[in-house]
Amino acid sequence: MTIDTETHAEVVPCRVCGSPVFDDEVYCEACGIRASVDPVQERAGGLRRPSEREEQDLGAVAAITDRGYRRQRNEDAFAVACHDGRFVAVVCDGVASTANPDQAARAAADAALAVLEPLLSAAEWPDPATLEELLGAAFAAAQGAVMLVPDDEPDGNDLSPSTTLVAAVGNDERIAIGNVGDSRAYWLSPVMGDSRVLTVDDSWAQERIAEGTDPEIAHADPDAHTITRWIGGDAESVVPTVAIFDLSSPGLLVVCTDGLWNYFKDPERLAEFVAPSPGTPIEVVRQLTHAALDAGGQDNITVAVIPLNPAPSRPIPGPTEE
């Protein structure tokens, strides 16, 4: 410990990066880690403030967003709803290099839910073409909401607020998923080998993989998580990539940010955490969140889980043909 000669405040080195931290600072200004908490105690959860995690348990659907161990604030957001066997789940990850990314994520999630939630009480479940149109409308509404977020964050970045967005709607028979950015949806099956990623990232890594680069090499690159599409300022297009699936066997739909999937890119690894008896949705989201925290918790973590149990004797799961 040293004493600052001008302020006479006590100064200690950050336990992670070594940068000076004053005795009245909660976080290291250089790397964002909580300065005054032993990392073992922090991971045990005993010293985490209640405001650092938000949970929502709707019975059939549950979601969690957690600040993680490194970030100074939570820049993720979710919005979920369900009724009579139908659900909506929206997850957003504010782009940290832009102004007010936390507000951008919250605005996008709320706006998308407002468009999609009426589906829960519709007289009939829409056909695939209508589902795609509704997802497009939800993403357009999210774009409009994010454009209203202030872009003058004090002591923050001056780029226009931006966020990723992934939205899923469905029932036990059919699900529709739209995404812009690198937040994902997964299908976790109790059958080995049947779990899969349902979305395609809009990212530097995914573009390299599409060109033939080995996925492990692409994801190891420092630019791997650079997104190529987003919701917010300067976005060239906010039309989502939409996939629609008919279901034939039970499983879990998981919608999440990269704070979870960056540790468990293989869907079978995620499935291992919930097999063989996944438990209730809230138990599953807690289990997956804790897995990401135990793996390091370097980013905000947001997860929504919906268990689905389709009627038997349907075709093998796959994209619906229009």
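The closest side-chain heavy-atom distance from H219 to I209 is below 4.5 Å. Side-chain contact between L134 and P126 is present, with heavy atoms from C-beta onward closer than 4.5 Å. With contacts defined as side-chain heavy-atom distances shorter than 4.5 Å, the pair V90/V255 does not qualify. Proximity of I175 to F87: side-chain heavy atoms (C-beta onward) are separated by under 4.5 Å at one or more points. A 4.5 Å side-chain heavy-atom check between P281 and P307 finds at least one atom pair inside the cut-off. For the pair D223 and R208, the minimum side-chain heavy-atom distance is 4.5 Å or more. Residues L253 and I177 meet the side-chain proximity criterion, which asks for heavy atoms closer than 4.5 Å. E54 places none of its side-chain heavy atoms less than 4.5 Å from the side chain of N74.
In this structure, the separation between CG on D102 and OG1 on T163 is 10.0 Å, given to the nearest 0.5 Å. The structure places CD of E211 at 10.5 Å from CD of Q206, a figure rounded to the nearest 0.5 Å. We find the CD1-OG distance between I227 and S162 to be 7.0 Å, quoted to the nearest 0.5 Å. Separating the NZ atom in K265 from the OH atom in Y186 is a distance of 8.5 Å, to the nearest 0.5 Å. Note that the CG atom of L188 and the CG atom of D194 stand 11.5 Å from one another [nearest 0.5 Å]. With values rounded to the nearest 0.5 angstrom, D127 atom CG is found 10.5 Å from E132 atom CD.
Looking only at distances, a side-chain donor or acceptor of N171 sits under 3.5 Å from a matching main-chain atom of R174. In this structure, D151 contributes its side chain and A99 its backbone to no donor-acceptor pair below 3.5 Å. In this structure, the side chain of R196 does not engage the main chain of S189 through any donor-acceptor pair within 3.5 Å. When atom types are taken as modelled, the side chain of Q298 and the backbone of G296 share a donor-acceptor pair closer than 3.5 angstrom. Distance alone, capped at 3.5 Å, is enough to place a donor-acceptor pair between the E283 side chain and the T280 backbone. Within the 3.5 Å criterion, the main-chain N or O of G181 finds a donor-acceptor partner in the side chain of D202. Looking only at distances, a side-chain donor or acceptor of N300 sits under 3.5 Å from a matching main-chain atom of R67. In this structure a side-chain-to-backbone donor-acceptor pair under 3.5 Å is missing from N179 to R184. Of the possible polar contacts, none joining the T98 side chain to the P101 backbone as a donor-acceptor pair under 3.5 Å is found. With hydrogens and angles ignored, the 3.5 Å screen pairs no side-chain donor or acceptor of T302 with any backbone N or O of C256.
Linking Ile, Leu, Val, Met, Phe, Trp and Tyr residues whenever their side-chain heavy atoms come within less than 4.5 Å leaves L135 and W230 in two separate clusters. Cluster membership check: I282 shares its hydrophobic cluster with I301, using side-chain heavy-atom separations under 4.5 Å among Ile, Leu, Val, Met, Phe, Trp and Tyr. Neither V197 nor W204 shares a network with the other; the hydrophobic side chains, linked directly or stepwise wherever heavy atoms of I, L, V, M, F, W or Y lie under 4.5 Å apart, form separate groups for each. Cluster membership check: V146 does not share its hydrophobic cluster with V239, using side-chain heavy-atom separations under 4.5 Å among Ile, Leu, Val, Met, Phe, Trp and Tyr. Both V305 and L293 belong to a single network of hydrophobic side chains, linked directly or stepwise wherever heavy atoms of I, L, V, M, F, W or Y lie under 4.5 Å apart.
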For V166 and D182, run side-chain contact (heavy atoms from CB on, under 4.5 Å): C-alpha distance rounded to whole Å, both residues' side-chain angles, the deciding distance at 0.1 Å, then the answer. CA-CA 8 Å; V166 57; D182 66 352; over 6 Å; no
Evaluate R86 against L119 for side-chain contact (heavy atoms from CB on, under 4.5 Å), listing each step before the verdict. CA-CA 8 Å; R86 300 174 178 178; L119 280 172; 5.9 Å; no
As a quick check of understanding, evaluate side-chain contact (heavy atoms from CB on, under 4.5 Å) for T289 and R53, giving each step before the final call. CA-CA 10 Å; T289 302; R53 172 177 291 189; 3.4 Å; yes
Criterion side-chain contact (heavy atoms from CB on, under 4.5 Å) on L131 and V242, from CA distance to verdict: CA-CA 9 Å; L131 284 172; V242 175; over 6 Å; no
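A salt bridge does not link R70 with D299: none of the charged nitrogens is closer than 4.0 Å to a carboxylate oxygen. In this structure, E272 pairs ionically with R269, as a charged nitrogen and a carboxylate oxygen lie closer than 4.0 Å.
Contacts of E236 classified as salt bridge (Lys or Arg N to Asp or Glu O under 4.0 Å), with partners at least two apart in sequence or in another chain: none.
Here the closest heavy-atom approach between residue A142 and residue L165 is recorded as CB-CD1, 3.4 Å. Nearest heavy-atom pair across A271 and S195 is CB-OG, 3.6 Å. Of all the heavy atoms in I231 and F139, the pair that sits closest is CD1-CD2, 4.0 Å. Residue Q143 comes nearest to G232 through the heavy atom pair OE1-N, 2.6 Å, listed as atom of the first residue, atom of the second, then distance. Summarising the geometry of Q56 relative to V80, their closest heavy-atom pair is OE1-CG2, 3.6 Å, with the distance given to 0.1 Å. When all heavy atoms of S249 and W187 are compared, the closest pair comes out as O-CZ2, 3.3 Å.
Looking at D66, I64, V254, T65 one by one, the single match for side-chain contact (heavy atoms from CB on, under 4.5 Å) with V303 turns out to be V254.
The neighbour count for D214 CG, taken as heavy atoms of other residues, nucleotides or ligands under 6.0 Å away, is above 12.
Using a 3.5 Å distance cut-off with no hydrogens or angles, the side chains of T257 and D76 do pair a donor with an acceptor.
Residue pairs meeting the ring-ring contact (aromatic ring centres under 6.0 Å, His included) criterion with at least one partner in residues 254-305, sequence neighbours excluded, are H225-W261, F264-F273.
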